[in-house]
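One is the number of the first residue; the rest follow in order along the sequence.
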Amino acid sequence: MSSPHPQPSRRRLAVLVFAFVYPLVTLLLMVLTPLTAGWPLALRTLILVPVVVVAMIWLIIPLIHSRLRHWL
């Protein structure tokens, strides 16, 4: 059986995810770096990665699939 919607282009999805995640990570680094100065890299990453993952799962990917589906 064929699906009602064609599969999105992986390349375009990757470009859109990059376009949303890159500024998010840059902004988070700008905010977190002064607050975590002197912390080991592993601890800084432990703060950054969950925020990015949550943003991707509950904000970025749903936004792309709902609002930007026509571009995929």
Side-chain angles (χ1 to χ4, degrees):
M1 297 188 82
S2 65
S3 64
H5 301 287
Q7 287 292 332
S9 164
R10 286 184 181 237
R11 265 191 204 128
R12 289 182 180 181
L13 181 60
V15 168
L16 285 172
V17 169
F18 178 84
F20 281 88
V21 171
Y22 180 78
L24 174 64
V25 169
T26 303
L27 177 67
L28 287 171
L29 285 173
M30 287 173 41
V31 170
L32 289 176
T33 298
L35 301 173
T36 59
W39 290 22
L41 180 61
L43 286 179
R44 286 192 231 177
T45 306
L46 190 61
I47 301 296
L48 179 74
V49 170
V51 174
V52 172
V53 169
V54 166
M56 286 182 64
I57 298 300
W58 281 287
L59 298 173
I60 295 170
I61 300 298
L63 175 77
I64 290 171
H65 281 290
S66 66
R67 303 283 176 135
L68 301 173
R69 176 169 286 285
H70 64 280
W71 195 78
L72 294 174

Common cluster, W58/V53, ILVMFWY with side-chain heavy-atom separation under 4.5 Å: yes

Note, L72 side chain near I64 side chain (heavy atom, < 4.5 Å): yes

Residues clustered with M30, ILVMFWY side-chain links under 4.5 angstrom: none

Non-hydrogen side-chain atoms of L32 and W39 separated by less than 4.5 Å: no

Name of the residue among L68, L59, I61 meeting side-chain contact (heavy atoms from CB on, under 4.5 Å) with F20: L68

Test item: L48 and V52 side chains (from C-beta on) under 4.5 Å apart, heavy atoms: yes

Spatial distance of atom CG (L46) from atom OG1 (T36) [nearest 0.5 Å]: 11.5 Å

CZ-CG distance between R44 and L29, expressed to the nearest 0.5 angstrom: 9.0 Å

Rounded distance (nearest 0.5 Å) linking atom CG of L13 with atom CZ of R69: 10.0 Å

Check against side chain to side chain contact (heavy atoms under 4.5 Å, CB included), I60 and L24: CA-CA 10 Å; I60 295 170; L24 174 64; 4.1 Å; yes

In one Ile/Leu/Val/Met/Phe/Trp/Tyr side-chain cluster, 4.5 Å: I47, V31: no

Of L27, V21, L28, the residue whose pairing with V25 passes side-chain contact (heavy atoms from CB on, under 4.5 Å): V21

Cluster link V54 to V17, ILVMFWY, side chain under 4.5 Å: no

